[in-house]
A.B. asks: 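I'd like to ask you about the structure that follows.
Quick note: numbers below take in every heavy atom, side chains included, and nothing from hydrogens, waters or symmetry partners. Position 1 is the first residue of the sequence, and the numbers go up from there.
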Amino acid sequence: MKHLARTLCFFAFLFALWAVCAQLGVWSPLLFPSPAEVLDYLWQISQDGTLAQAAWVTLRRLFVGYALGLALGLPLGVLCARSSLAKDTLGVLSLGLQGLPSVCWVPMATLWFGQAEAAMLFVVTMGTIWAVILSTGQGIRHVPPIYSRAARSMGCGSLDSLVHVVLPASAPFVVSGLKQGWAFAWRSLMSAEIFVPVLTGVGMGQLLHFGRELSSMDQVLGIMLLILLIGLLSDKLLFSPVEAAIHRRWGTDKS
């Protein structure tokens with residue numbers, strides 16, 4: 001509760017500072033709306049259904065693209081950890097592509113798939129897969145070799161040792177990588193939604209783009225706040241409990 005109180009007080013301070021600056025007219029109201037104006041915009045789009053629809057479209061794209069990234073990245077990460085050839089080839093490629101800004105995948109996705117959902121999913125998958133490969137491979141390589149030797153001495157085969165010993169022992173590293181992959185997926189999706197107009201559904205990134213086109217700063221700030229809120233909630237509700245459980249399981253909990 002103490003950590004939650006600190007967090008709430010900090011954000012309350014930021015909102016108060018924002019309101020004071022807006023009230024003093026430090027910047028033009030067109031460029032720096034007050035919190036009340038931003039909240040009023042969010043209330044309006046929540047009433048007409050725009051908010052729920054945009055959030056559903058974005059989250060659906062995010063989860064599908066992220067799942068594809070995990071389905072490809074996890075086995076390839078295991079391969080990089082178990083094979084020196086894969087490490088020196090695919091591992092190096094993953095290291096290079098992880099640093100590639102997500103927006104760089106957008107032109108390729110548009111040319112390959114057109115203005116379609118597949119373009120969105122491609123960008124999200126490309127933003128996810130490389131971080132997952134690197135974290136999975138690094139996590140498995142950090143498992144002490146004595147674990148595998150002990151398992152083999154007890155009669156475990158290579159596959160049993162991998163599934164029941166190596167992968168659970170590497171879980172703290174892997175989960176951190178999944179969390180990083182989720183963050184990259186978010187950034188990739190926002191880039192795709194801003195730059196790829198898809199008629200099958202308007203997501204939150206497209207609402208952000210519309211706000212820029214209409215010079216509606218309350219819309220821009222409102223959507224940014226929603227993206228921030230969803231990111232925080234996904235971390236606290238999805239990844240933090242899993243991380244805490246894994247660290248307790250392996251005795252690495254520092255709290």
A.B. asks: Nearest 0.5 angstrom please: Gln206 CD to Glu213 CD, how far?
C.D. replies: 12.5 Å
A.B. asks: Please check: side-chain N/O of Gln219 versus main-chain N/O of Tyr41, any donor-acceptor pairing under 3.5 Å?
C.D. replies: no
A.B. asks: Please tell me whether Val57 and Val64 are part of a single hydrophobic cluster in this structure, the criterion being side-chain heavy atoms less than 4.5 Å apart.
C.D. replies: no
A.B. asks: Output side-chain donor-acceptor pairs under 3.5 Å for residues 14-31, partner residues at least two apart or in another chain, one line each.
C.D. replies:
{"from": "Trp18", "atom 1": "NE1", "to": "Pro33", "atom 2": "O", "distance (Å)": "2.9"}
{"from": "Ser28", "atom 1": "OG", "to": "Leu30", "atom 2": "N", "distance (Å)": "3.3"}

A.B. asks: If you measure from CG on Leu189 to CZ on Arg60, what distance do you get to the nearest 0.5 Å?
C.D. replies: 10.5 Å
A.B. asks: Is it the case that one hydrophobic cluster holds both Val124 and Leu134, taking links as side-chain heavy atoms less than 4.5 Å apart, direct or via other members?
C.D. replies: no
A.B. asks: Keeping the roles fixed (side chain from Thr125, backbone from Leu121), state whether a donor-acceptor pair exists under 3.5 Å.
C.D. replies: yes
A.B. asks: Spell out, as yes or no, whether a donor-acceptor pair under 3.5 Å connects the side chain of Ser234 to the backbone of Gly231.
C.D. replies: yes
A.B. asks: Taking C-beta and beyond as the side chain, do Arg61 and Glu193 meet within less than 4.5 Å on heavy atoms?
C.D. replies: yes
A.B. asks: Name each donor-acceptor pair under 3.5 Å that joins a side chain in residues 93-101 to protein atoms two or more places apart or in another chain, with its distance.
C.D. replies:
{"from": "Ser94", "atom 1": "OG", "to": "Leu90", "atom 2": "O", "distance (Å)": "2.8"}

A.B. asks: Check whether any side-chain heavy atom of Ile129 sits under 4.5 Å from a side-chain heavy atom of Leu76, and report yes or no.
C.D. replies: yes
A.B. asks: Please assess Asp40 against Asp218 for the test side-chain contact (heavy atoms from CB on, under 4.5 Å), listing each intermediate value before the final yes or no.
C.D. replies: CA-CA 9 Å; Asp40 181 62; Asp218 56 343; over 6 Å; no
A.B. asks: Starting from Leu62, can I reach Phe184 by hopping between I/L/V/M/F/W/Y residues whose side chains sit under 4.5 Å apart?
C.D. replies: no
A.B. asks: Any sub-3.5 Å donor-acceptor pair from Trp186's side-chain atoms to Trp182's backbone N or O?
C.D. replies: no
A.B. asks: Compare all side-chain heavy atoms of Val174 with those of Leu74 and state whether any distance is below 4.5 angstrom.
C.D. replies: yes
A.B. asks: So, taking the atom named SG in Cys80 and the one named CD in Gln138, what distance separates them when rounded to the nearest 0.5 Å?
C.D. replies: 12.5 Å
A.B. asks: Hey, quick one: are Leu221 and Phe11 part of the same hydrophobic cluster, counting side-chain heavy atoms closer than 4.5 Å, chains of contacts allowed?
C.D. replies: no
A.B. asks: Rounded to the nearest 0.5 Å, what's the gap from CD on Gln44 to CG on Leu39? Could you check?
C.D. replies: 11.5 Å
A.B. asks: For Val220 versus Leu208, what's the shortest heavy-atom pair and its separation?
C.D. replies: O-CD1, 3.4 Å
A.B. asks: Give a yes or no answer on whether the side chain of Glu37 reaches the backbone of Ser34 with a donor-acceptor pair at less than 3.5 Å.
C.D. replies: yes
A.B. asks: Less than 4.5 Å apart, side chain to side chain, heavy atoms only: is that true for Phe122 and Leu68?
C.D. replies: no
A.B. asks: Contact between Met204 and Ile230 at the side-chain level, heavy atoms closer than 4.5 Å - yes or no?
C.D. replies: yes
A.B. asks: What salt bridge (charged side-chain N to carboxylate O under 4.0 Å, His left out) pairs are there with at least one residue in residues 169-184, not counting sequence neighbours?
C.D. replies: Lys179-Asp235, Lys179-Glu243
